[in-house]
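What follows is a single structure, written as structure tokens, with notes after it.
What's counted below: heavy atoms across the whole structure, side chains too, no hydrogens, waters or symmetry copies.
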Amino acid sequence: MNKEKVWVWFKRGIKGGQWVSGFLASSCEEEGVLIEKSDFVNCRVPEWRIRIKEPGDINEGPEIPKDAIWKY
């Protein structure tokens, strides 16, 4: 994956969660996807937390796997 603009899913506690735009994502040699944003610490996240296309509803989350890893 070249660097692509993506939306990233963030959990917001009991209020649910939200897709946030403005991130660049790229593949990395390790597991997951590297996400970058100027006002955010670069990190690797699992693929289920990113979307390349804008979500229809920014408050409707992805299917979160049981025992999901949120950040590598």
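- For Arg44 and Glu30, the salt-bridge test passes: some basic side-chain N is under 4.0 Å from an acidic carboxylate O.
- Cluster membership for Trp48 and Ile58, using ILVMFWY side-chain heavy atoms within less than 4.5 angstrom, is shared.
- In the hydrophobic clustering of this structure, Leu34 does not group with Ile52; members are Ile, Leu, Val, Met, Phe, Trp, Tyr whose side-chain heavy atoms approach within less than 4.5 Å, directly or through other members.
- The local environment of CG in Asn2 is sparse, with at most 12 non-hydrogen atoms from other residues, nucleotides or ligands closer than 6.0 Å.
- A heavy-atom distance below 4.5 Å is found between the side chains of Ile35 and Cys43.
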Gln18 and Lys11: CA distance, side-chain angles, deciding distance, side-chain contact (heavy atoms from CB on, under 4.5 Å) verdict: CA-CA 7 Å; Gln18 187 173 43; Lys11 189 174 180 182; over 6 Å; no
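- Glu54 meets the salt bridge (charged side-chain N to carboxylate O under 4.0 Å, His left out) test with no other residue; sequence neighbours excluded.
- Among residues two or more places apart in sequence or in another chain, the salt bridge (charged side-chain N to carboxylate O under 4.0 Å, His left out) test is passed with Lys37 by none.
- Expressed to the nearest 0.5 Å, how far CZ of Phe23 lies from NZ of Lys5 amounts to 13.5 Å.
- The number of heavy-atom neighbours closer than 6.0 Å to CD of Glu47, taken from other residues, nucleotides and ligands shown, is 12 or below.
- No donor-acceptor distance shorter than 3.5 angstrom exists from the side chain of Arg51 to the backbone of Val6, with no hydrogens or angles considered.
- Taking the six-membered ring where the residue is Trp, Phe40 and Phe10 present perpendicular rings, their angle passing 60° and hence far from 30°.
- Between Leu24 and Glu4 there is no side-chain heavy-atom pair separated by less than 4.5 Å.
- Scored by the ring-ring contact (aromatic ring centres under 6.0 Å, His included) test, Trp19 finds Trp9 as partners (sequence neighbours excluded).
- Side-chain heavy atoms closer than 4.5 Å link hydrophobic residues (I, L, V, M, F, W, Y) into clusters, and following such links, possibly through other members, connects Ile50 to Val20.
- Closest non-hydrogen pair, Val33 versus Ser26, comes out as CG1-O, 3.5 Å.
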